2 protein chains.
Amino acid sequence: MAERGRPRNFDRAAALQQAMNIFWQRGYEGASLCDLTAAMGINAPSLYAAFGCKEALFREAVQLYSEREGLLTARALTEQPTARQAVEALLRDNVGAFTDPKKPAGCMIVLAATNCSTANQAISDHLLERRRFITAALRRRLQRAIKEGDLPRVDVTAIANYYTTLLQGLSIQARDGASRAALNRIVDCGMATWNTLIETAKTASLIKA
Amino acid sequence: MAERGRPRNFDRAAALQQAMNIFWQRGYEGASLCDLTAAMGINAPSLYAAFGCKEALFREAVQLYSEREGLLTARALTEQPTARQAVEALLRDNVGAFTDPKKPAGCMIVLAATNCSTANQAISDHLLERRRFITAALRRRLQRAIKEGDLPRVDVTAIANYYTTLLQGLSIQARDGASRAALNRIVDCGMATWNTLIETAKTASLIKA
DNA sequence: GCATTTATATATCGAACGATACAGAATCAG
DNA sequence: CTGATTCTGTATCGTTCGATATATAAATGC
């Protein structure tokens with residue numbers, strides 16, 4: 001353990017988590033360095049020494065968020081036996097997280113950089129990539145269901161995009177103060193229509209072909 | 001018309017429209033005064049003399065946006081004969097507007113202040129109020145449909161919230177670069193399930209009662 | 001002990017932010 | 001014409017932004 005020099009005086013992981021919460025709550029540009037250092041309990045030079053710059057800190061915070069909160073989504077998609085159960089678990093689990101009073105409302109990936117100045121386009125693009133990754137994961141899960149015979153041959157892109165859109169809308173609703181019950185009521189609507197939706201995607205896909 | 005003093009050298013309405021476009025594209029905080037004055041073709045003092053301050057300019061821009069783009073929604077809700085047609089027209093017309101290449105993608109009311117610094121909470125609240133107004137208009141339209149016998153007695157709040165969520169999700173999808181065809185494909189999914197959804201909202205409402 | 005290394009706290013830095021002071025230009029009333 | 005009024009362009013204002021220079025404190029290696 002060749003830890004030369006004065007040892008760090010704060011818990012880097014704990015500080016990162018605080019930074020994540022601030023970014024989650026206020027967005028990339030809405031979170032000032034002053035906000036960040038105050039929440040992290042350190043001064044600016046310590047922040048820069050430990051994380052590089054604001055953008056690098058944000059990317060680490062997004063990574064932490066993905067590992068923490070994205071776990072819900074990943075588990076819902078992999079562990080549920082059927083596509084329908086996977087989609088419903090994905091929606092319900094995220095609604096639960098979106099309305100956890102101990103956390104900022106809604107999804108950080110969706111909300112933290114919806115509008116950025118042109119100088120921070122890279123930040124927007126980074127989150128856009130993450131959003132597309134989630135949609136792709138859902139699409140792959142639906143494809144797996146077709147292969148497993150759990151789902152008829154449907155337009156998986158359409159279904160995945162539809163539920164992604166609903167999920168992103170739920171983030172806005174959560175941020176706007178909707179209750180967990182209200183959001184679950186919306187999920188009820190989204191899931192009640194599953195059978196019809198699959199039929200539609202099937203026929204539409206056939207019409208296209 | 002006692003127009004005293006030196007006359008204004010620019011078209012106030014045209015300048016406001018340019019400001020609206022900048023706010024629409026970059027959001028309230030993402031749009032700097034430099035961006036605004038450049039797009040409006042005027043200098044800062046002219047902007048302040050004509051509009052007061054950045055926040056007042058933004059509120060006027062939101063008002064203009066509501067009158068211009070909100071017209072689509074208002075017309076869809078009032079002019080279509082049935083609730084189903086009204087909702088579908090609302091979604092289709094907004095998808096058309098969201099993907100108009102001559103305009104910024106997505107809805108300004110949804111995207112322009114999703115994450116604001118605490119100093120500009122009033123801006124967020126203003127747009128939140130507008131969003132709630134739109135949901136309320138949809139809910140009233142559904143209630144009207146029940147009164148007209150066009151719709152069974154359903155949980156109109158749930159249906160209105162569901163389609164609002166979908167519409168807000170569509171704004172994010174549009175901003176993320178989704179094509180008009182892709183968004184219409186999502187609307188297909190949302191509308192294909194109308195009958196099932198109404199049945200569900202009916203029974204659920206009865207269960208509740 | 002002493003040199004080296006790294007982290008900390010204070011005190012900024014230059015740039016960009018929203019917003020104005022000011023002088024000059026353009027119109028009106030008389 | 002003169003005086004009053006309003007708009008315009010230049011040149012800032014004070015503040016906050018993200019990011020650092022500097023000196024000191026706390027650890028290690030020898």
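In what follows, every chain begins at residue 1, and chains take the letters A, B, ... in the order their sequences are listed. It should be emphasised that the depicted structure is a prediction, and the values quoted were computed from it without experimental measurement.
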Compare all side-chain heavy atoms of [X] with those of [Y] and state whether any distance is below 4.5 angstrom.
X	Y	answer
B:Ile159	B:Ile198	yes
B:Leu128	B:Arg131	yes
B:His126	B:Arg130	yes
A:Leu151	A:Thr82	no
A:Asn184	A:Thr99	no
B:Asn21	B:Pro104	yes

Distance, rounded to the nearest Å, where [X] contributes [atom1] and [N] contributes [atom2]:
X	N	atom1	atom2	value
A:Tyr28	D:dC17	OH	P	13 Å
B:Glu55	C:dC17	CD	C1'	16 Å
B:Lys54	D:dT15	NZ	C1'	14 Å
A:Leu36	D:dC17	CG	C1'	12 Å
A:Arg26	D:dG18	CZ	C1'	16 Å
B:Leu33	D:dT16	CG	P	16 Å
B:Asp35	C:dG18	CG	P	8 Å
B:Arg4	D:dA4	CZ	C1'	6 Å

Under 4.0 Å between any heavy atoms, over every strand shown, what does B:Ala31 touch: base, sugar-phosphate, or nothing? Just pick one.
sugar-phosphate
Where the side chain of B:Ser32 is concerned, which of D:dC17, C:dC17, D:dT8 is the nearest nucleotide?
C:dC17
Is A:Arg26 salt-bridged to B:Glu29, cutoff N-O under 4.0 Å?
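Judged by the 4.0 Å cut-off on N to carboxylate O distance, A:Arg26 and B:Glu29 do not form a salt bridge.
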Would you mind checking if B:Asp155 and A:Arg185 are paired as a salt bridge, meaning a charged N to carboxylate O distance below 4.0 Å?
yes
Is A:Arg12 reaching over with its side chain to a backbone N or O of A:Ala50, donor-acceptor style, under 3.5 angstrom?
yes
Say whether, by atom type as modelled, one donor and one acceptor occur between the side chain of B:Tyr65 and the main chain of B:Cys107 under 3.5 angstrom.
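No, B:Tyr65 side chain to B:Cys107 backbone: no donor-acceptor pair under 3.5 Å.
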Quick check on DNA chain C: between B:Gly5 and B:Cys34, whose nearest nucleotide comes earlier from the 5' end?
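Taking each residue's closest nucleotide, the earlier one in sequence belongs to B:Cys34.
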Does NZ or CZ of B:Lys54 come closer than 6.0 Å to the centre of the six-membered ring of B:Phe23, within 45° of the ring's axis?
no
For nucleotides 23-25 of chain C, print each protein N/O atom paired with a nucleotide N/O atom at under 3.5 Å, atom names and distance only.
residue, atom, partner, partner atom, Å
C:dG24, N2, B:Arg6, NH1, 3.4
C:dA25, N3, B:Arg6, NH1, 3.3

Close approaches to DNA chain D from residues 37-51 of chain B, in residue order (heavy atom, under 4.0 Å):
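Output list: B:Asn43, B:Pro45, B:Ser46.
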Looking at residues 10-23 of chain A, who's got a heavy atom less than 4.0 Å off DNA chain D?
none
